[in-house]
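Both backbone and side-chain heavy atoms feed into the values below; hydrogens, waters and symmetry mates do not. One is the number of the first residue; the rest follow in order along the sequence.
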Amino acid sequence: MIKETAAGPVPGDEHTRPHFTRAALLTIDMQADFVSGPHAVPGTERIAPAVARLARAFRDAGRPIVHLVRLYLPDGGNADLCRRSLIASGTRLVVPHSPGSRLADGLTPADAAPLDPERLLSGAAQRLADGEHVIYKPRWSAFYRTPLQRHLADLGVDTLVVAGCNYPNCPRATIYDASARDYRLVPAEDATSRFGEHARGEMTGIAAWCLTVPTIERLLRAECGAAA
């Protein structure tokens with residue numbers, strides 16, 4: 001199921017082939033505490049430049065970006081059950097207003113405002129720039145108890161490119177929930193930490209087409225007419 005285009009081959013059939021003119025980028029949990037430091041997720045620092053490169057490509061193409069973030073209250077009351085004891089014991093992890101909660105260096109426009117935890121925790125999206133927003137997610141999936149689906153519908157999005165931290169947990173849960181909502185899906189395999197051969201096979205099995213950042217850039221430029 002490969003379609004040859006001027007920009008090269010694009011996987012999928014008429015029901016699953018990505019539409020880059022209707023695509024949005026989701027970056028998952030690309031926050032300082034997960035990138036470096038004592039609670040960093042293995043591989044996330046290494047893929048951070050690739051995620052930032054992908055975000056620049058989407059800006060250049062005029063396509064929307066949504067950064068999904070975690071914000072754990074100091075008592076752990078809003079954390080996943082598996083992390084509540086850790087945080088309640090005194091571990092500070094992506095605490096609202098803390099340096100560790102900020103988005104990774106280079107991921108957002110230079111003039112973007114810092115995260116607004118009060119707004120995000122209330123369930124509202126925070127605008128960083130034209131077409132670029134942040135949404136707080138309380139659990140693994142970016143769709144669980146968030147305004148993401150409504151936000152994407154308002155933008156006319158039918159294709160999601162997913163990148164960030166870290167494949168077995170939040171990107172994987174997000175992709176499955178997106179598949180259940182009939183989105184066309186592109187996991188960015190070289191911009192997602194802990195992504196391996198097993199992940200590629202699993203994603204292909206649900207018609208989520210794994211592409212590299214250079215390939216996604218090329219298709220965005222070809223389909224959206226973005227500047228090189």
Side-chain angles (χ1 to χ4, degrees), residues 1-28 30 50-69 107-109 112 124-135 137 141-144 146-164 170-192 195 200 203-228:
M1 293 186 293
I2 298 291
K3 179 181 180 180
E4 291 294 336
T5 71
V10 183
D13 61 15
E14 61 180 312
H15 303 292
T16 66
R17 187 172 297 120
H19 297 151
F20 286 94
T21 55
R22 299 185 64 186
L25 171 65
L26 305 185
T27 79
I28 309 290
M30 289 301 297
V51 183
R53 176 178 170 180
L54 201 50
R56 289 193 297 271
F58 269 73
R59 285 186 208 108
D60 289 345
R63 297 307 306 157
I65 302 168
V66 182
H67 305 286
L68 286 306
V69 299
L107 184 59
T108 60
Q126 178 188 348
R127 179 186 177 278
L128 296 183
D130 287 346
E132 191 159 353
H133 292 78
V134 183
I135 289 175
K137 62 180 182 61
S141 171
F143 290 94
Y144 179 76
T146 76
L148 179 60
Q149 186 169 4
R150 183 175 67 251
H151 180 79
L152 296 173
D154 289 345
L155 295 170
V157 167
D158 75 355
T159 298
L160 298 177
V161 176
V162 181
C170 299
R172 183 177 182 273
T174 296
I175 289 166
Y176 271 97
D177 271 3
S179 178
R181 290 163 171 79
D182 292 337
Y183 286 98
R184 297 162 188 256
L185 293 164
V186 179
E189 60 180 43
D190 53 346
T192 305
F195 190 97
R200 188 176 295 110
M203 291 291 95
T204 301
I206 62 167
W209 306 113
C210 304
L211 301 177
T212 64
V213 170
T215 299
I216 296 166
E217 287 179 314
R218 184 172 68 250
L219 292 168
L220 276 168
R221 285 195 296 268
E223 294 192 23
C224 302

Report the C-alpha separation of L107 and V51 in whole Å, then their side-chain angles, then the decisive distance to 0.1 Å, and conclude whether the side-chain contact (heavy atoms from CB on, under 4.5 Å) test is met. CA-CA 7 Å; L107 184 59; V51 183; 3.7 Å; yes

Worked check of salt bridge (charged side-chain N to carboxylate O under 4.0 Å, His left out) between R127 and E132: CA-CA 6 Å; R127 179 186 177 278; E132 191 159 353; over 6 Å; no

Does the salt bridge (charged side-chain N to carboxylate O under 4.0 Å, His left out) test come out yes or no for R56 and E217, once each step is laid out? CA-CA 9 Å; R56 289 193 297 271; E217 287 179 314; over 6 Å; no

Between D177 and T174, does the side-chain hydrogen bond (donor to acceptor under 3.5 Å, both in side chains) criterion hold? Intermediate values first, please. CA-CA 5 Å; D177 271 3; T174 296; over 6 Å; no

With side-chain contact (heavy atoms from CB on, under 4.5 Å) as the test, would you mind laying out the steps for F195 and C210 before giving the verdict? CA-CA 10 Å; F195 190 97; C210 304; 3.6 Å; yes

For side-chain hydrogen bond (donor to acceptor under 3.5 Å, both in side chains), just list the numbers for T27 and H67, CA-CA rounded to whole Å, side-chain angles, deciding distance to a tenth of an Å, and then say yes or no. CA-CA 5 Å; T27 79; H67 305 286; 2.8 Å; yes

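With rounding to the nearest 0.5 Å, the separation of NE2 in H151 from CD in Q149 is 12.5 Å. In this structure, the separation between NE2 on H15 and CG on D182 is 11.0 Å, given to the nearest 0.5 Å. Atom-to-atom distance recorded for L220:CG and F20:CZ is 6.0 Å, nearest 0.5 angstrom. Separation of atoms CG (L26) and CG (L152) is listed at 6.5 Å; rounding is to 0.5 Å. In this structure, OH in Y144 is found 13.5 Å from SG in C170, a value given to the nearest 0.5 Å. In this structure, CE in M203 is found 8.5 Å from OG in S179, a value given to the nearest 0.5 Å.
When all heavy atoms are compared, the tightest approach of L211 to D190 is O-OD1, 4.1 Å. The two residues I65 and A55 make their nearest non-hydrogen contact at CD1-O, 3.4 Å. Closest heavy-atom contact between E223 and T21: O-CG2, 3.1 Å. Nearest approach of A191 to A163, heavy atoms of both residues: O-CB, 3.3 Å. Across every non-hydrogen atom of A188 and I216, the tightest pair is CB-CD1, 3.9 Å. Residue T108 comes nearest to R59 through the heavy atom pair CA-NH2, 3.3 Å, listed as atom of the first residue, atom of the second, then distance.
Taking 4.5 Å as the limit, every side-chain heavy atom of Q126 sits out of range of all side-chain heavy atoms of H133. The side-chain heavy atoms of F143 and Y183, taken from C-beta on, include a pair separated by under 4.5 Å. A heavy-atom distance below 4.5 Å is not found between the side chains of V69 and I135. With a 4.5 Å cut-off on side-chain heavy atoms, V134 and V66 do not count as touching. Side-chain contact check for T159 versus L185: every heavy-atom pair is 4.5 Å or farther apart. Considering only heavy atoms from C-beta on, P187 stays 4.5 Å or farther from R172 through its side chain. A heavy-atom distance below 4.5 Å is not found between the side chains of R22 and V157. Counting only heavy atoms from C-beta outward, the side chains of W209 and E189 never approach each other to under 4.5 Å.
Between the side chain of T204 and the backbone N or O of R200 there is at least one donor-acceptor pair closer than 3.5 Å. In this structure a side-chain-to-backbone donor-acceptor pair under 3.5 Å is missing from R184 to P18.
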